Amino acid sequence: MDATVTTGKELQKMDPVFGQLSFNDHEQIVFCNDKDTGLKAIIGIHNSVMGPALGGTRMFNYANEWEALNDVLRLSRGMTYKAAITGLNIGGGKAVIMGDAKTQKTPELMRKFGEFVHSLSGRYITAEDVGMETSDMDIVRDVTPYVTGISEERGGSGNPSPVTAFGVYMGMKAAAKQQFGSDKLEGKKILVQGIGHVGETLVEYLTKEGAKVIIADINEEKLYEVATKYGAQIFTGDDLYSADVDIYAPCAMGATINDATVNKIKAKVIAGAANNQLANENTHGLILQERGILYAPDFLINAGGIINVYAELEHYDKAEIMRKTENIYNTTLEIFDYAVAKGITTHQAALTIAQNRIDLRKIENAK
């Protein structure tokens, strides 16, 4: 009798959601499908202990459903910790729409997505992310109140990207202070990978301070536009991870710090806007620590965007948004101190402090 061997991939298919490595005790995963508009979306609610799950919607041309599911699971988990570490009373959620935002996004598709969001009765509140614009959130607002990041004309806080960039800038300055002894970025060589809405604004902040900014992006037209506008240098080498720079700022998609890149990095600081920068949080976080590279936890320093959209729920003004975002500087330094005191990685330190706040609220809620 032949022995039957079950492969890892087959096992994964037997448990397509709960069996995912990125599944982290998520409360709810919602698969949304609409034949007429072509909508295929997944909403992930990771944790609602602190409040309703808030997180943006990303439209991306994923290779397959597995990739989309993995992304929404990782992103929604990140939102839980991002909100908790920043001191906001909201939970973590995220949504992904499968498709090309440039060619497949229509007002009808966005409206239908809004209807799915509305069906969750406020358990999930959406906002904009990669592939989305403020105008898309306005369309969603036509069918549900459970959306933030709508235009200022409609009483919203507008595009959160500039605030996200400011938070990353604050986190980067804190990291420079920890690693180099001064938070001054003048003269520092900083490689910004990804110059979308957030990346470009970050380039502006860094240029104004006198940093030597090097930029990289798959969009060549955008590269030349930003290089001309801010006098930035375009990266022309073969491998940007081994570039001779002081600070590496990943501002595009996640997992750029992985098995293939983690030992190449020459930068002494990693501080960027991308979510889930470490492909494996424990393994790659530890390698960076052992190599003396200071990693500013992504979900901490890129929290400006969530602070911005949270203002719509709590009704505080632009000045308060910027004050809360500026405080990312102090929180980042506290995380670094905690990591040193406990002998753990900076990522573990940020996760621990965020989880402690959630656990405390859970106890309070149970009373």
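For the single chain, residues carry numbers from 1 onward in sequence order. Computed from a predicted structure; not experimentally measured.
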### Message
Quick check: do Lys40 and Cys32 have side-chain heavy atoms less than 4.5 Å from each other?
### Response
no

#### Entry: Distance-only polar pair, side chains of Asp138 and Ser151, donor-acceptor under 3.5 Å
yes

### Query
Are any of the side-chain heavy atoms of Gln277 and Ile270 separated by less than 4.5 Å?
yes

### Message
Assess, by modelled atom type and distance only, whether the side chains of Thr37 and Asp34 contain a donor and an acceptor separated by less than 3.5 Å.
### Response
yes

### Query
Can you tell me if Asn356 and Asp359 form a side-chain donor-acceptor pair at under 3.5 Å?
no

#### Entry: salt bridge (charged side-chain N to carboxylate O under 4.0 Å, His left out) assessment of Arg154 paired with Asp142
CA-CA 11 Å; Arg154 293 190 61 172; Asp142 290 339; 3.1 Å; yes

### Task
Output every pair passing salt bridge (Lys or Arg N to Asp or Glu O under 4.0 Å) with a member in residues 284-311, not counting sequence neighbours, ordered by first then second residue.
none

### Task
Report the residues that fulfil side-chain contact (heavy atoms from CB on, under 4.5 Å) with Asp317, sequence neighbours left out, ordered by chain and then residue number.
Ala319, Glu320

### Message
Determine whether Arg323 and Glu326 satisfy the following criterion, salt bridge (charged side-chain N to carboxylate O under 4.0 Å, His left out), listing intermediate values before the conclusion.
### Response
CA-CA 5 Å; Arg323 190 196 66 75; Glu326 189 174 4; over 6 Å; no

### Query
Looking at residues at least two apart in the chain, or sitting in another chain, which of them share a ring pair (Phe, Tyr, Trp, His ring centres under 6.0 Å) with Phe235?
none

### Task
Classify the side-chain pair Thr134/Asn159 by whether it contains a donor and acceptor separated by less than 3.5 Å.
no

### Query
Would you say the side chains of Thr148 and Glu312 form a donor-acceptor pair under 3.5 Å?
no

### Summary
Residues pairing under ring-ring contact (aromatic ring centres under 6.0 Å, His included) where one sits in residues 87-137, two or more places apart or in two chains, turn out to be His118-Tyr146

### Task
Please check if any side-chain donor atom of Asn24 sits under 3.5 Å from a side-chain acceptor atom of His46, or the reverse.
yes

### Message
What verdict does the salt bridge (charged side-chain N to carboxylate O under 4.0 Å, His left out) test give for Glu204 and Lys208, after you've listed the backbone C-alpha separation in whole Å, the side-chain angles of each residue and the deciding distance to 0.1 Å?
### Response
CA-CA 6 Å; Glu204 185 180 357; Lys208 279 180 181 171; 3.2 Å; yes

#### Entry: Pairs involving residues 276-286, ordered by first then second residue, that meet salt bridge (Lys or Arg N to Asp or Glu O under 4.0 Å) (sequence neighbours left out)
Arg77-Glu281

### Summary
Residues at least two apart in sequence or cross-chain that pass salt bridge (charged side-chain N to carboxylate O under 4.0 Å, His left out) with Asp239, listed by chain then number, are Lys264

#### Entry: Selection residues 181-201 - residue pairs positive for ring-ring contact (aromatic ring centres under 6.0 Å, His included), sequence neighbours left out
none

### Message
So Ile214 and Val192, do their side chains get closer than 4.5 Å, heavy atoms only?
### Response
no

### Message
Among Lys188, Lys173, Lys184, exactly one meets salt bridge (charged side-chain N to carboxylate O under 4.0 Å, His left out) together with Glu209. Which residue is that?
### Response
Lys173

### Where at least one partner belongs to residues 212-228, residue pairs that pass side chain to side chain donor-acceptor pair (under 3.5 Å), sequence neighbours excluded
Glu200-Lys222

### Pair Gln348-Thr345, side-chain donor/acceptor within less than 3.5 Å
yes

### Side-chain donor/acceptor of Thr144 to backbone N/O of Val140, under 3.5 Å
no

### Query
If you measure from the Lys or Arg side-chain nitrogens to the Asp or Glu carboxylate oxygens, is any gap between Arg58 and Asp129 under 4.0 Å?
yes

### Query
Just by distance, with hydrogens left out, do Asn302 and Thr164 show a side-chain donor and acceptor under 3.5 Å apart?
no

### Task
Check the pair Lys367 / Glu364 against salt bridge (charged side-chain N to carboxylate O under 4.0 Å, His left out), numbers first and verdict last.
CA-CA 5 Å; Lys367 285 177 183 174; Glu364 287 169 7; over 6 Å; no

### Task
Can you tell me which residue pairs pass the salt bridge (Lys or Arg N to Asp or Glu O under 4.0 Å) test with a partner in residues 118-127, sequence neighbours excluded?
Glu27-Arg123

### Task
Please name all residues satisfying ring pair (Phe, Tyr, Trp, His ring centres under 6.0 Å) with Tyr205, sequence neighbours left out, ordered by chain then number.
Phe166, Tyr169

### Test ring pair (Phe, Tyr, Trp, His ring centres under 6.0 Å) applied to Phe299 - qualifying residues, sequence neighbours left out
His347

### Task
Just grab all the ring-ring contact (aromatic ring centres under 6.0 Å, His included) pairs involving residues 311-339, residues at least two apart or on different chains.
none

